[in-house]
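Bear in mind that the values here come from a model prediction, so they are computed numbers and not experimental data. We name chains A, B, ... by the order of the sequence lines, and we start the count at 1 in each one.
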There are 2 protein chains.
Amino acid sequence: MTVTEPATEPLIRIGEVARGAGVSVRAVRYYEQQGLLTAERSPSGQRLYRQDAVTMVRFFQQMYAAGLTSQRIAELLPCWDAGHTDADQRAMLRAERDRIQAKVDDLQAALDRLDEVIGITDTHP
Amino acid sequence: MTVTEPATEPLIRIGEVARGAGVSVRAVRYYEQQGLLTAERSPSGQRLYRQDAVTMVRFFQQMYAAGLTSQRIAELLPCWDAGHTDADQRAMLRAERDRIQAKVDDLQAALDRLDEVIGITDTHP
DNA sequence: CTTGCCCCTGACGTCAACGTCAGGTTTTAG
DNA sequence: CTAAAACCTGACGTTGACGTCAGGGGCAAG
């Protein structure tokens, strides 16, 4: 039993990450280019990711869907894995949160408008 | 009393529409180009809009914010002012409605994730 | 008359998250 | 060994709702 070695988890390649997270290989490379994801390299130059890269990519997608830019996501990553933030980071997080909340409200209003139109048209069959 | 004339409302120019709706003049021209808005023309070629153009533009903004394209908005305009729809239109309306609802859910999930991060970081001051 | 403001028509620029193609290397299955 | 599948690095293309610039017209106030 070698206690010094923490049971090396098998690294995965970019294709597996992409399939696992439901995105394209191109997208995963793009995330690296944006500083969101780092990968080791095999001797031949292929990217090797840890298992949790899939989770990370899913998280990126969720943030993108919420309207965050790559830069914002990069800014909040330290909070994610450091477990603490400074004042600026907290301010940023709250600002984004408020922006998303406002967007939710806007969408809900738009939804009501559409329902209104549907409702009007449904009353005249 | 001339019953034949419906009390001609004063037409407004593009700048007033833009200011009234809080968008740029360029945007209003774009909406016309996309077939969302029609305008009369003065003898000198200037666009003349009815008062309710402001309301229309606000509606466009709301739909854009909800992720609809110009084409989709153009498609649902007949429903808006005709007061009835055919099967295809109703299907489209429902599809967009569902898409927006899904987006709301996604945003809410993203919001929860951010709150999670904020919560974690707040517990370590 | 001219100054200033608003309007017009093109037409090119922007931004972000990728898509896609070219041309070449590596890994894997049989 | 060989062919297919997967990976690599550039680098240009896409999409949508506008921004912005160029060049020019019209019209009321002073």
### Query
Are the charged groups of Arg72(B) and Glu75(B) less than 4.0 angstrom apart, N to O?
yes
Point to revise | Touch class at under 4.0 angstrom, heavy-atom based, for Leu68(B) against every strand present | key: sugar-phosphate
Residues pairing under side chain to side chain donor-acceptor pair (under 3.5 Å) where one sits in residues 99-110 of chain B, two or more places apart or in two chains, turn out to be Glu96(B)-Arg99(B), Gln101(B)-Asp105(B)
Query raised in the report: Just wondering, are more than 12 heavy atoms of other shown residues or ligands nearer than 6.0 Å to CZ in Arg50(A)?
Result: no
Between Ser70(B) and dA17(D), is there a contact of a side-chain N or O with OP1 or OP2 at under 4.0 Å? yes
Here the distance between atom C1' of dC18(D) and atom CD of Gln61(B), to the nearest Å, is 10 Å
Rounded to the nearest 0.5 angstrom, the CD1-OH distance for Ile14(A) and Tyr31(A) is 11.0 Å
Rounded to whole Å, the OH-C1' distance (Tyr49(B) to dC8(C)) equals 11 Å
Quick one: are Phe60(A) and Leu77(A) in side-chain contact, heavy atoms under 4.5 Å?
yes
Q.
Determine whether a donor-acceptor pair (N or O, by modelled atom type, separation under 3.5 Å) exists between the side chain of Arg58(B) and the backbone of Gly20(B).
A. yes
Result for 5'-nearest mapping on DNA chain D, choosing between Gln71(B) and Ile14(A), is Ile14(A)
| What does Arg41(B) touch in the nucleic acid at a heavy-atom separation under 4.0 angstrom: a base, only the sugar-phosphate, or nothing? | sugar-phosphate
Side chains of Ser70(A) and Tyr64(A), donor plus acceptor under 3.5 Å: yes
When rounded to whole Å, the CZ to P distance for the pair Arg19(A) and dC7(D) reads 7 Å
Whole-Å distance, Leu36(A) CG to dC18(C) C1', equals 13 Å
Could you list, one pair per line, each protein nitrogen or oxygen that sits under 3.5 Å from a nitrogen or oxygen of nucleotides 23-30 of chain C, together with the distance?
unit_1  : atom_1 : unit_2   : atom_2 : d
dT26(C) : O3'    : Ser44(A) : OG     : 3.3
dT27(C) : OP1    : Ser44(A) : OG     : 3.0

When every non-hydrogen atom of Val25(B) is compared with those of Ala18(B), the smallest separation belongs to N-CB, 3.8 Å
Closest of dC8(D), dA17(D), dC18(C) to the Ser24(A) side chain is dC18(C)
Rounded to whole Å, the CE-P distance (Met63(A) to dC18(C)) equals 14 Å
(message) Between Glu32(A) (side chain only) and Arg29(A) (backbone N and O only), is there a donor and an acceptor less than 3.5 Å apart?
(response) no
So, with a heavy-atom separation below 4.0 Å from DNA chain D, the residues of residues 26-33 of chain B are Arg26(B), Ala27(B), Tyr30(B), Tyr31(B)
